[in-house]
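First comes the structure, then the notes that go with it.
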Protein chains: 2
Amino acid sequence: MATLKDVARLAGVSVKTVSNVVNGYSFVKPDNRRRVEEALEATGYRPNLGARNLRRGRTGFIALVLPELSIPYFAELAGLVIAAAQEHEWNVLIEQTFGTLAGERSALAALGPHLVDAAILSPEALQVDDFQLPVPAVLLGEHAVDVPISRVGIDNVAAAQSAVRHLISLGHQRIAAIGAHPHRGTAALRLEGYRLALAEASLPFVDELVVPALNYHRADGAAAMRSLLDLRTPPDAVFCFNDLLAIGAMRAAAERLVRVPSDLAVVGFDNNEESVYSSPSLTSVAPDKAAIARAAVDLLHRRVESGESLENVETPFSLQVRESTVAR
Amino acid sequence: MATLKDVARLAGVSVKTVSNVVNGYSFVKPDNRRRVEEALEATGYRPNLGARNLRRGRTGFIALVLPELSIPYFAELAGLVIAAAQEHEWNVLIEQTFGTLAGERSALAALGPHLVDAAILSPEALQVDDFQLPVPAVLLGEHAVDVPISRVGIDNVAAAQSAVRHLISLGHQRIAAIGAHPHRGTAALRLEGYRLALAEASLPFVDELVVPALNYHRADGAAAMRSLLDLRTPPDAVFCFNDLLAIGAMRAAAERLVRVPSDLAVVGFDNNEESVYSSPSLTSVAPDKAAIARAAVDLLHRRVESGESLENVETPFSLQVRESTVAR
DNA sequence: CATCGTTGTTCCAACGATGTAAAGACCCGA
DNA sequence: TCGGGTCTTTACATCGTTGGAACAACGATG
């Protein structure tokens, strides 16, 4: 592999002159510039990023720390983050935490400042003390603990509220919620939105209709739904805190021969592609994932470039109404 | 951030001695070792990977080049590759090509030997000439062109054959195939498996029952299914070359009030998690994704460590029978 | 006690790039 | 012709790490 030295020898100039050409420094004689460019072409020179970054004190990477790539929301988001990062000539390094405290801690520990310039985090279990980050970071979504780190995400309370309002507007009275979680910040906010929507419609908040989910996988949604269907008076609608839970819930309903939407309306959250093609298709709160990815990356880029300070970004969302909720 | 120099000063030894301790060199006096370890602890030293790799001529990264993270198969695979790579202290860098020739070319071009030690590729459009790779690589799945690069994957012909045999064993006679593709190697092999299964059952190969799909997204499956349902004599079963196509096909069937599996049996390929929870759940060919990820990473590691040569690995698969295919 | 081999440590160079400072080339007007 | 400024190029040090050679300390050996 050709190095600057090789190119310099070939062009008959010093290493630094080649470096100057490569980096677009203005004052290079046209004649030399041409010779250097020819030599660059001839050798197929590509800068050694490791060396460059060693010198510049940059790495050219950002970390994306998320629970699991097999969760569609994170997979879609990761794809968008990679695309957004590319525009700033950043490569993305993905770390999976599997939503555990240990996983998140070890992912953060691996994040030396030598490895990445910045990090995008989607934590679920971290404690306040853990947020001693060695690099600029952005949190995606809300987190239970209050730490001085920029956040990017939607207004979860309003989003959840709009979902439940939609169910109420269709005439549902007994609306369940699946996905309550003791430590997850977003879960608390979505629950709050659920509560507010019920309150403004003067509907009672019924404890037995709020079902926790420790993980947000399809299996958890199915299990929660089964427990709801076992109630003396099952719900006539359910708001799930993500689409996977909703898919699982719809599956459990189908197994019990409960029909969606006529017997049970279902709303999800995340608007996974999968939800457009399920039968029935799933009404879902749709965060603008592209906007989230872009905002997070841009914010970090500004931070790294010009040292800007704490800043939160609220991205838009919408409610995608599909077959799983219709007027009865 | 502490460097070797800082640690050395604190411990009162030379930089190299610290380096020796960090790298587990045997001959260090217990007393010095202890002092160095204390100093390491005190400073919270973390090696600068850039510098280390510059010196060692390694980068500590491998690239995973795939079409799109929003495709569940690749998302799941990526998660497994990341996990497997971690065991060899490799970080994974994901590049998306979106299945286009231009995308694949630019991803390969970005793969300087300075950036990654090796690459795992899942190409769909590349030509023979493109395979001038600057680093050791492994191809996932089959590819139309024959290049001297290691491959890891299942026996696609046998896998497809087993899927179609299953449909035949259930009594289906008019079996369609969705996913034919002019350039995709795996498509050709799966089609071949389909053809073989028909032949061994003395069923005719009917051109109109083989529908191409340019992309393997849900929408393509739905479109293909609609065209099949428009046939004078629609099929009574369909083998889709991946699960997304199958999900789309089932969706299209549902819209036409064609019932799965009683009117139409459906088999997919990839065994996405999504397919376990769809209604009906989807029978699917299940490649052992973890085995693929592990085999690819291990193979590359051996290549990089000991310069082993060309080697192909065939990983196991199974057929997961679910609700979308049952005896009628 | 000189020699030897084994341990343990240090010094120096190198990986490939870039910032700095200084030197060299060049042109202008006086 | 010379001084003085503006371009242009170069030599050198440096980023943090590791390999290799050199060196120092040590007990064992004859």
Side-chain angles (χ1 to χ4, degrees), chain A residues 1-40 43-61 89 91 112-117 134-135, chain B residues 1-40 43-61 89 91 112-117 134-135 304-305:
Chain A
M1 199 61 190
T3 69
L4 279 188
K5 205 155 104 185
D6 303 325
V7 179
R9 187 166 30 222
L10 185 61
V13 297
S14 80
V15 174
K16 190 63 210 292
T17 298
V18 180
S19 171
N20 285 338
V21 171
V22 171
N23 293 288
Y25 182 66
S26 312
F27 304 123
V28 178
K29 265 206 202 137
D31 187 45
N32 275 346
R33 160 159 278 136
R34 191 183 43 73
R35 291 227 310 288
V36 169
E37 275 163 354
E38 281 171 14
L40 284 172
T43 53
Y45 171 80
R46 321 222 56 198
N48 180 321
L49 299 182
R52 169 179 287 177
N53 292 328
L54 172 60
R55 191 59 245 244
R56 288 190 180 163
R58 291 277 191 82
T59 72
F61 293 94
E89 303 198 303
N91 280 105
H114 307 309
L115 192 57
V116 295
D117 297 330
V135 292
Chain B
M1 199 62 189
T3 71
L4 280 187
K5 206 154 103 184
D6 302 327
V7 178
R9 187 166 29 222
L10 186 59
V13 296
S14 80
V15 173
K16 190 63 208 296
T17 298
V18 181
S19 171
N20 285 339
V21 170
V22 171
N23 292 287
Y25 182 68
S26 312
F27 304 123
V28 178
K29 262 202 205 143
D31 186 46
N32 276 345
R33 162 159 278 138
R34 191 184 45 71
R35 290 228 309 289
V36 169
E37 275 164 354
E38 281 171 15
L40 284 172
T43 54
Y45 170 79
R46 321 224 57 199
N48 180 323
L49 299 181
R52 168 179 288 177
N53 292 328
L54 173 60
R55 189 61 245 248
R56 289 191 179 162
R58 291 278 191 80
T59 71
F61 294 94
E89 303 198 303
N91 279 106
H114 307 309
L115 193 58
V116 295
D117 297 329
V135 292
V304 170
E305 287 296 316

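The sequence lines fix the lettering, A, B, ..., with proteins before strands; numbering per chain opens at 1. Here the structure is a predicted model, which is why all the values come from computation and not from measurement.
As a whole-Å value, the separation of L4(A) CG from dG16(C) P is 10 Å. For N48(A) and dT17(D), the CG to C1' distance is 14 Å, given to the nearest whole Å. Taking atom CZ of R52(A) as the reference point, atom P of dG16(D) lies 18 Å away to the nearest angstrom. Separating the CG atom of D31(B) from the C1' atom of dG8(C) is a distance of 12 Å, rounded to the nearest angstrom. What separates CG of D6(B) from P of dC15(D) is a distance of 11 Å, to the nearest Å. The nearest whole Å value for the distance from the CG atom in L49(A) to the P atom in dC15(C) is 18 Å. The distance between atom CZ of R9(B) and atom P of dG16(D), rounded to the nearest whole Å, is 11 Å. For K5(B) and dT10(C), the NZ to C1' distance is 16 Å, given to the nearest whole Å.
Nearest nucleotide to the R56(A) side chain, out of dG8(C), dT17(D), dT18(C): dT18(C). You'll find that the side chain of R55(A) is closest to dA17(C), out of dA17(C), dT18(D), dT10(D). Of all nucleotides listed (dC15(C), dG16(C), dT10(D)), dG16(C) comes nearest to the side chain of T3(A). Distance from the side chain of S14(B) is smallest for dT10(C) among the nucleotides dA14(C), dG8(C), dT10(C). The side chain of L54(A) lies closest to dG16(D), out of dA13(D), dC26(C), dG16(D).
V15(B) comes within contact range of at least one nucleobase, with a heavy-atom separation under 4.0 Å. Contacts of K16(B) with the nucleic acid, taken as non-hydrogen atoms under 4.0 Å apart, include base atoms.
Taking side-chain N and O atoms only, N53(A) has no distance below 4.0 Å to OP1 or OP2 of dC15(D). Listed pair N20(B) / dG8(C) fails the phosphate criterion, with no side-chain N or O lying under 4.0 Å from OP1 or OP2. Side-chain nitrogen and oxygen atoms of S19(A) include none within less than 4.0 Å of the OP1 or OP2 phosphate oxygen of dA17(C). Within the 4.0 Å cut-off from OP1 or OP2 of dT17(D), at least one side-chain nitrogen or oxygen of Y45(B) is found.
Here the options are V22(B), V21(B), L10(B), the test is side chain to side chain contact (heavy atoms under 4.5 Å, CB included), and the partner is V36(B); only V21(B) passes.
Once rounded to the nearest 0.5 Å, the distance linking OG1 of T3(B) with CG of N48(B) reads 9.5 Å. Atom CG of N53(A) sits about 7.5 Å away from atom CZ of F61(A), to the nearest 0.5 Å.
Counting heavy atoms from C-beta on, the side chains of N20(B) and K16(B) come closer than 4.5 Å.
Side-chain atoms of D117(B) come within 3.5 Å of backbone atoms of G60(B) as a donor-acceptor pair (strictly under, hydrogens ignored).
With a cut-off of 3.5 Å on both Watson-Crick or G-U wobble distances, the partner of dC15(C) is given as dG16(D).
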